[in-house]
> 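Submitted below is the structure of interest, expressed as structure tokens.
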2 protein chains.
Amino acid sequence: MMRTETRFPAIAYGPDSRICIIAGGGDLPAVIAEDLDRQGIRPFVLMVAGEPDPEAGLERYDHESLTLEEAPSLVKRLRRRGVTHVVMAGEIKRRPRIAAMRPGLGLLRHVPAFLRALSSGDDGLLRFVVEWLEGSGFEVVGAHQIVPDLVATEGQFGKVSPEKTDWRDIDAARLAAEAIGALDIGQGAVAIGGRAIALEGIEGTDAMLARVKDLRDHGRLAGKQRGVLVKCSKPGQEARTDLPSIGPRTVDEAHAAGLVGIAVEAGSSLVLNGPEMIGKADALGLFVIGLPPREPRHED
Amino acid sequence: MMRTETRFPAIAYGPDSRICIIAGGGDLPAVIAEDLDRQGIRPFVLMVAGEPDPEAGLERYDHESLTLEEAPSLVKRLRRRGVTHVVMAGEIKRRPRIAAMRPGLGLLRHVPAFLRALSSGDDGLLRFVVEWLEGSGFEVVGAHQIVPDLVATEGQFGKVSPEKTDWRDIDAARLAAEAIGALDIGQGAVAIGGRAIALEGIEGTDAMLARVKDLRDHGRLAGKQRGVLVKCSKPGQEARTDLPSIGPRTVDEAHAAGLVGIAVEAGSSLVLNGPEMIGKADALGLFVIGLPPREPRHED
């Protein structure tokens with residue numbers, strides 16, 4: 001596969017840095033924690049209550065749990081632990097119940113901005129948290145800055161290539177994913193038979209793929225046997241918090257939904273547990289490819 | 001409510017006309033049949049196997065059943081019944097299994113166009129069927145031409161008005177619905193808290209509303225209490241076959257999903273069983289409104 005230059009600068013941290021992973025669901029938090037561990041840096045994991053997968057095994061690191069409603073105490077907790085860098089990783093499915101939140105006096109001035117952010121889409125909310133943490137003196141970094149190998153490259157990942165007709169699905173799903181991304185609604189779409197048939201809202205990629213499986217099981221897809229999942233970053237997306245990602249589980253779920261391949265935008269999507277994912281895709285006969293980025297990434 | 005001029009011409013049919021309703025799911029086929037009956041015209045109902053709701057009671061009219069795979073015999077069957085006008089009404093969820101279709105010799109020349117249409121989205125497929133029927137000498141008419149009162153008018157339908165904040169949801173959902181309509185993907189979207197959170201693919205409005213209910217039940221909507229469903233026609237939509245529609249059931253499902261209102265595009269959406277729907281919406285406290293059409297509809 002071709003290398004795609006990523007648009008993200010490397011970051012500086014060392015053995016004295018104290019890195020906190022604010023952990024949601026999916027494989028990403030564990031992937032980052034393991035990689036830091038390999039680099040000799042013991043991460044501190046702040047688990048968002050109810051979000052991390054039990055099998056992620058995050059308990060084996062120094063950790064604490066935090067409910068969404070306790071978010072106002074976030075900065076205080078990070079300071080108590082001597083945190084210098086923060087990486088937000090993994091999906092957070094729930095949204096805080098405002099009525100149950102008790103911002104301290106120091107935070108009250110942030111409340112209007114928070115409420116505005118909460119209603120302005122995922123991107124707005126994440127940007128608010130990033131600004132709050134940065135304003136409090138933490139360095140907020142992206143998963144891709146800690147583990148640059150995660151960033152999807154351009155071209156074919158495994159042994160399987162898309163067939164010629166699959167490119168119609170890739171194009172249709174990408175067009176749809178970009179259209180809903182431009183509205184800050186979702187990052188993914190599924191196309192079958194040359195047309196987009198399912199669009200990702202806040203339910204997430206897993207739930208969308210489960211829906212496609214249902215439609216197929218109920219004969220709603222006209223016996224069509226192929227189809228593709230495409231995930232794209234949103235234009236102007238806060239890259240440190242919410243890049244689209246795929247991994248072994250995505251391959252399993254796409255296969256269960258009867259799809260024959262997955263395409264992501266190179267340079268701004270993450271591939272988790274790449275070797276395992278590719279092995280699985282090869283075994284199941286799915287292609288996985290990185291699409292050329294929407295805009296050129298390098299200027300030279 | 002204000003009257004919105006519809007963009008559809010009236011059609012001419014009389015007691016000698018033989019009108020066939022090709023019936024899918026939902027309330028529309030029964031609404032048309034009852035209206036024709038009131039006009040003294042006994043319709044012939046061709047039920048698409050497995051699609052009409054059993055409670056629609058279409059069996060009380062002169063009727064036959066047709067599987068999707070038997071579609072190639074459609075023209076022959078209509079001729080045998082002396083049909084002059086055809087109206088296609090109601091959702092058809094399944095798509096034909098090509099391998100099980102046996103086109104007669106006369107139809108073979110249509111096969112490439114049919115296959116192209118099948119993969120070009122609902123609109124393409126419906127347009128193919130319309131052209132085939134018209135080319136065979138039938139007049140294809142829309143539900144709104146038989147029952148003009150079905151067409152949604154502009155303004156508020158019942159007693160309940162949108163609150164000021166609901167307009168943000170209406171705008172966000174409409175923007176999303178129009179974006180996916182422009183890609184011929186779907187006709188509906190749900191917005192809550194000022195942002196679109198669910199988009200309708202081929203699963204249809206009912207399934208999308210059930211999804212929103214699920215998201216709410218699982219705490220994924222941050223305790224947000226309001227939210228709106230918007231349905232729009234697709235640009236360039238074949239108006240005789242697939243106008244977006246709402247009815248009493250839509251109100252029930254929107255209410256079950258915790259939404260507070262429904263907005264449709266006036267002039268190109270259908271309201272089924274209007275009085276019952278409005279009574280239900282009033283009782284449940286939901287607003288139902290017709291939004292000004294995207295483009296001006298009259299030139300005078």
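Just so we're on the same page: letters track the sequence lines, and every chain starts at 1.
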> Which pairs of donor and acceptor atoms, one on a side chain in residues 201-212 of chain A, lie under 3.5 Å apart (sequence neighbours left out)?
{"unit_1": "A/E203", "atom_1": "OE1", "unit_2": "A/G201", "atom_2": "N", "d": "3.0"}
{"unit_1": "A/E203", "atom_1": "OE2", "unit_2": "A/G201", "atom_2": "N", "d": "3.1"}
{"unit_1": "A/E203", "atom_1": "OE2", "unit_2": "A/R211", "atom_2": "NH1", "d": "2.9"}
{"unit_1": "A/E203", "atom_1": "OE2", "unit_2": "A/R211", "atom_2": "NH2", "d": "3.3"}
{"unit_1": "A/T205", "atom_1": "OG1", "unit_2": "A/E200", "atom_2": "OE1", "d": "2.9"}
{"unit_1": "A/T205", "atom_1": "OG1", "unit_2": "A/E200", "atom_2": "OE2", "d": "3.4"}
{"unit_1": "A/T205", "atom_1": "OG1", "unit_2": "A/K231", "atom_2": "NZ", "d": "2.9"}
{"unit_1": "A/R211", "atom_1": "NH2", "unit_2": "A/L199", "atom_2": "O", "d": "2.8"}

> Heavy-atom pairs under 4.5 Å with chain A - which of B/I197, B/V190, B/L68, B/L183 has more of them than the others?
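Ranked by contacts with chain A, first place is B/I197.
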
> What are the residues of residues 171-182 of chain A, in order of number, with any heavy atom under 4.5 angstrom from a heavy atom of chain B?
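Residues of residues 171-182 of chain A touching chain B at under 4.5 Å: A/L175, A/A176, A/A179, A/I180.
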
> Which residues satisfy the side chain to side chain contact (heavy atoms under 4.5 Å, CB included) test with B/V160, sequence neighbours excluded?
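B/V160 satisfies side chain to side chain contact (heavy atoms under 4.5 Å, CB included) with B/D282, B/F287 once adjacent residues are dropped.
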
> How would you list, by chain and number, every residue that makes a side chain to side chain contact (heavy atoms under 4.5 Å, CB included) with A/L66, sequence neighbours excluded?
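Once residues adjacent in sequence are excluded, the partners of A/L66 under the side chain to side chain contact (heavy atoms under 4.5 Å, CB included) criterion are A/L46, A/E70, A/S73, A/L74, A/R77.
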
